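I'd like to ask you about the structure that follows.
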Protein chains: 2
Amino acid sequence: MVKDLYCSFWGDDMRIGALGQVTGVDPETIRYYERIGLLPTPTRRTNGYRAYGPAHLERLAFIRHCRALDMPLADVQRLLHLLDHPLDDCQDVDRLIDTHLAHVQGRLQSLQALTRQLEQLRGRCHGQHATAECGILHELVAAAQGESCVCHGGSVQAPLKDVQRSVSQTG
Amino acid sequence: MVKDLYCSFWGDDMRIGALGQVTGVDPETIRYYERIGLLPTPTRRTNGYRAYGPAHLERLAFIRHCRALDMPLADVQRLLHLLDHPLDDCQDVDRLIDTHLAHVQGRLQSLQALTRQLEQLRGRCHGQHATAECGILHELVAAAQGESCVCHGGSVQAPLKDVQRSVSQTG
DNA sequence: CCTTGACCATGTAGTGACTACAAGGTTTTT
DNA sequence: AAAAACCTTGTAGTCACTACATGGTCAAGG
């Protein structure tokens with residue numbers, strides 16, 4: 001029986017391990033979501049164990065789905081609030097998704113440029129030799145010294161922050 | 001004169017602010033690189049200020065160029081070591097770049113899928129209405145509940161970790 | 001009855017690559 | 001002389017977890 005596997009999954013409440021199994025989320029992550037106020041505090045059994053119901057399962061699944069879409073937890077928080085207070089204007093949701101989409105598309109373009117640069121860089125090294133003659137290292141050093149390179153094509157002073165931001169996490 | 005701007009840039013040493021100006025790196029970041037052993041400790045002036053020479057400038061530029069290629073600092077560290085000890089085999093450099101390239105390409109594919117998903121999601125909402133009828137929110141909730149969706153097409157149990165790893169930072 | 005093992009609780013610290021202060025000293029400008 | 005801009009150190013914050021330490025709870029096996 002699945003009930004045996006999930007330890008009272010079919011009962012009226014789940015322990016944190018069962019919830020984790022069903023959603024594929026580490027129990028430590030679930031506790032983390034609770035700590036930062038993303039998941040409501042569950043009721044407790046007499047022994048202090050957290051007792052989760054279907055509502056928690058739904059909410060956690062929603063969070064994970066949004067995370068699979070690479071949304072930051074702050075955005076997920078806002079969406080959950082809109083779900084809880086469905087009287088507001090839908091435009092908030094629109095803007096949130098639009099902003100997030102722009103974010104992702106920006107990072108996508110950066111990564112595409114990055115891939116081209118790395119591929120060209122990779123092509124500089126052929127066969128086996130000492131690092132002293134390595135075309136990749138030479139290219140990297142030359143590029144860093146501001147000569148026109150496969151990556152920047154410009155000077156050292158170019159602001160790298162934009163590139164890095166768009167490549168890194170959403171924050 | 002540029003000398004006035006950069007405070008002894010043309011002298012035999014630069015202060016941290018000047019180095020930051022020339023390379024476009026925040027002085028706090030430069031100190032951070034020094035702290036984690038990426039930049040060698042510079043000599044000090046009599047007043048305790050850090051005094052940087054051309055060697056530091058080159059090294060910092062190299063680091064930033066690698067970072068612009070989205071390499072983790074650990075990889076940069078290894079490349080710097082290979083530059084300092086150029087007797088080793090060049091294959092190390094090759095492997096490092098190859099691994100990094102594979103990383104970036106993986107993230108690129110994740111982001112492409114993500115963009116498609118978000119665009120489809122965005123298309124669910126038309127015009128102005130209350131969140132209670134918002135197609136985006138409905139889609140997100142439905143998807144989270146395991147119905148076939150524009151994103152997963154599968155169940156809640158799907159392991160999201162792979163997606164997230166490939167989308168996030170290199171680490 | 002005792003032990004083993006799996007589960008749960010809390011709290012703290014670590015990750016990467018910075019960023020932002022706080023509290024004080026120095027140099028330059030007004 | 002005073003104010004602004006620079007420098008120093010150290011510490012703590014960011015994001016979304018992850019890992020660990022320490023201890024409590026519970027079911028099954030010997």
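Quick caveat: nothing in here was measured; it's all calculated off a predicted structure. Residue numbers begin at 1 in each chain, while the letters A, B, ... track the order of the sequences.
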Any A/T29 side-chain N or O less than 4.0 Å from OP1/OP2 of D/dA16: no
Integer-rounded Å distance: C/dG16 P and B/I63 CD1: 16 Å
Whole angstrom value for the distance that separates P of D/dC6 from CD1 of B/I16: 13 Å
Roughly how many Å is it from CZ in A/R44 to P in D/dG24, rounded to a whole number? 17 Å
Ignoring hydrogens and angles, are the base of C/dC21 and the side chain of B/E28 linked by a donor-acceptor pair under 3.5 Å? yes
Does a side-chain N or O from A/R31 land closer than 4.0 Å to OP1 or OP2 of C/dT12, or not? no
Dump the pairs, protein N or O against N or O of nucleotides 25-27 of chain D, anything under 3.5 Å, distances to one decimal.
{"from": "D/dT25", "atom 1": "O4'", "to": "A/Y49", "atom 2": "OH", "distance (Å)": "3.4"}
{"from": "D/dC26", "atom 1": "OP1", "to": "A/N47", "atom 2": "ND2", "distance (Å)": "3.2"}

N or O in side chain of B/R35 less than 4.0 angstrom from C/dT19 OP1/OP2: no
Can you name the closest pair of heavy atoms from B/C134 and A/C90 and give their distance? SG-SG, 3.1 Å
More 5' along DNA chain D: B/G17 or A/L73, using each one's nearest nucleotide? B/G17
For C/dC8, take OP1 and OP2 only and decide whether either is under 4.0 Å from a side-chain N or O of A/R45. no
Looking at D/dC15, I'd like to know if its phosphate oxygens (OP1 or OP2) sit under 4.0 Å from a side-chain N or O belonging to A/Y32. no
Just the rounded figure in Å: distance from P of C/dG16 to CE of B/M71. 17 Å
Once you round it to whole Å, what is the distance between P of C/dG16 and CD of B/Q77? 12 Å
Minimal heavy-atom distance between A/I97 and B/L118, with the atoms involved, is CG2-O, 4.4 Å
Of all the heavy-atom pairs spanning A/A18 and A/M14, show the shortest one and how long it is. CB-CG, 3.9 Å
Starting at atom CD1 of A/I30, determine the distance to atom P of D/dC17, rounded to an integer number of angstrom. 12 Å
Look at the side-chain N and O atoms of B/R67 and state whether any lies under 4.0 Å from the OP1 or OP2 oxygen of C/dG16. no
Check A/R67 against A/M71 and note the closest heavy-atom contact, atom names and distance. NH1-O, 2.6 Å
Within the side chain of A/R15, is there an N or O that forms a donor-acceptor pair under 3.5 Å with the backbone of A/L19? no
Salt bridge or not for B/D92 and B/R95, using N-O below 4.0 Å? yes
Closer than 4.0 Å, any side-chain N/O of A/R50 to the OP1 or OP2 of C/dT10? yes
With sugar-phosphate meaning primed atoms plus P, OP1 and OP2, does B/I36 contact a base, only sugar-phosphate, or nothing at under 4.0 Å between heavy atoms? nothing
What is the distance, rounded to the nearest whole Å, between atom CG of A/L39 and atom C1' of D/dA16? 14 Å
Find the distance B/M14:CE to C/dT27:C1' and express it as a whole number of Å. 19 Å
Does A/D13 come within less than 4.0 Å of A/R50, counting only side-chain N to carboxylate O? no
May I ask you to decide if the ring planes of A/H85 and A/H81 are parallel, tilted or perpendicular, using 30° and 60° as cut-offs? tilted
